[in-house]
Every structure is written in C-alpha cells, then in structure tokens.
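Quick notes on the structure that follows.
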Amino acid sequence: MTDEARILAAVRAIPAGQVSSYGDVARRAGLPGRARLAARVLSHNSDPLLPWHRVLRADGRIALPEGSRGYREQSQRLRAEGVQVTRGRVSMPSREQLLDAQIWGPAPANGKRR
DNA sequence: CAAGTGACAAAAG
DNA sequence: CCTTTTGCCACTT
C-alpha cells in the first residue's frame, strides 16, 4: 500500500456533505504531519469520482486561488451537497472539530472559527 | 548539497 | 477577522 493510495482512500472516506482538512486526511491515512503530501496527491489526481472538493485548509478556507476554475468548481460542488460556502470559506465545522470541542471545550480564545 | 516552491498548519499580535 | 512568522514535507532547480 503506497502512501498516495492511503491518502486517496482517506479522501474517499469523507461522507457527502462533510468536509475535512489536508492535515486530517493525512492523519486518517496514518500519515501524521504530512498535510502537504495530501495536497500534492489531490493536485495531481485525475480520478473524476474522487470527492476532492471535500478537502479544505485547516481554517476552513478553500485552498485553491480565489477566482480560479477549481475554486469555483469546489464551491459549487460543496453547495450542491448542502455545505454552506461564504467568501471561499466553509462555516460548517469538520467532524474532528466537533469532537474536539466536546472533549476539550470551545475553540481558541481568538475568533478564528475553524 | 543549497535554494525555491506549493490545493499546509499553528501560534502570535 | 486579518497578517506575519515558523516549521514542515516532498519535490524541483
């Protein structure tokens, strides 16, 4: 099992209507600290069935350059799944964050809103 | 080997 | 919220 394959599997495991981050994907693939590998794998991927649009930056923003084709494509695909996207940002928290918040309490002191 | 680059991340202010 | 600063990894030059 190659690292890339494990990343792809982790991405495919994200349910529709939910989002995750590059870091989360890598962690769930058993490759902690390798968010950039996850990003690279997605950027090179060709599989049209891969739900790449469910992967965002850790802060909930779309990673692609604003206004680019992929950016628009991702926003549209997410909205089509019922995910609210505002100014390139997804307000819906990832499952990870929901669990962490329940265990460790509310988000950081600042208004980061990841 | 050194430096640059990118669909990253966390902390600090 | 935003930006800057560090740290990181996986190439590429």
Practice prompt. Specify the residues of residues 61-75 of chain A, ordered by number, for which at least one heavy atom lies under 4.0 angstrom from an atom of DNA chain B.
Written response: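 Contacts with DNA chain B under 4.0 Å: A:A63, A:L64.
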Worksheet item: In B/S/- notation, 5' to 3', how is nucleotides 7-13 of chain C contacted by protein heavy atoms closer than 4.0 Å?
Response: -BBSS--
Item to complete: Mind calculating the distance between CG (A:D59) and P (B:dA10) to the nearest angstrom?
Response: 9 Å
Practice prompt. Rounded off to whole Å, could you give me the CG-to-C1' distance for the A:D24 and B:dA7 pair?
Written response: 15 Å
With [X] via side-chain contact (heavy atoms from CB on, under 4.5 Å) - residues at least two apart:
| X | answer |
| --- | --- |
| A:A5 | A:M1, A:T2 |
| A:A13 | none |
| A:A29 | A:R6, A:I7, A:A10, A:L31 |
| A:A39 | A:Y22 |

Show the atom names and distances, to 0.1 Å, of all donor-acceptor pairs under 3.5 Å that link a side chain in residues 41-50 of chain A to residues at least two apart or in another chain.
| from | atom 1 | to | atom 2 | distance (Å) |
| --- | --- | --- | --- | --- |
| A:S43 | OG | A:R40 | O | 2.8 |
| A:N45 | OD1 | A:D47 | N | 3.0 |
| A:N45 | ND2 | A:D47 | O | 3.2 |
| A:D47 | OD1 | A:L49 | N | 2.7 |
| A:D47 | OD2 | A:R12 | NH1 | 3.3 |

Worksheet entry | Presence of A:S21 side-chain N/O under 4.0 Å of B:dA9 phosphate oxygens OP1/OP2 |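 Answer is yes, contact under 4.0 Å.
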Discussion item. For a quick test of reading the model: is some side-chain N or O of A:R89 closer than 4.0 Å to OP1 or OP2 of C:dC2?
Written reply: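 Result: yes.
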Discussion item. For the P atoms, the ones on B:dA7 and on C:dG7, what distance do you get once it is rounded to whole angstrom?
Written reply: 23 Å
Discussion item. Measuring only the C1' atom in each nucleotide, how far is B:dC1 from C:dT13? A whole number of Å is fine.
Written reply: 12 Å
Worksheet item: Of all residues at least two apart in sequence or in a different chain, which pass the salt bridge (charged side-chain N to carboxylate O under 4.0 Å, His left out) check with A:R77?
Response: A:E73
Practice prompt. Taking salt bridge (charged side-chain N to carboxylate O under 4.0 Å, His left out) as the test, write out the residues that go with A:R72, two or more places apart.
Written response: none
Practice prompt. Apply the test side-chain contact (heavy atoms from CB on, under 4.5 Å) to residues A:H53 and A:V19: give CA-CA distance (whole Å), side-chain angles for both, the deciding distance (0.1 Å), then the verdict.
Written response: CA-CA 8 Å; A:H53 56 282; A:V19 296; over 6 Å; no
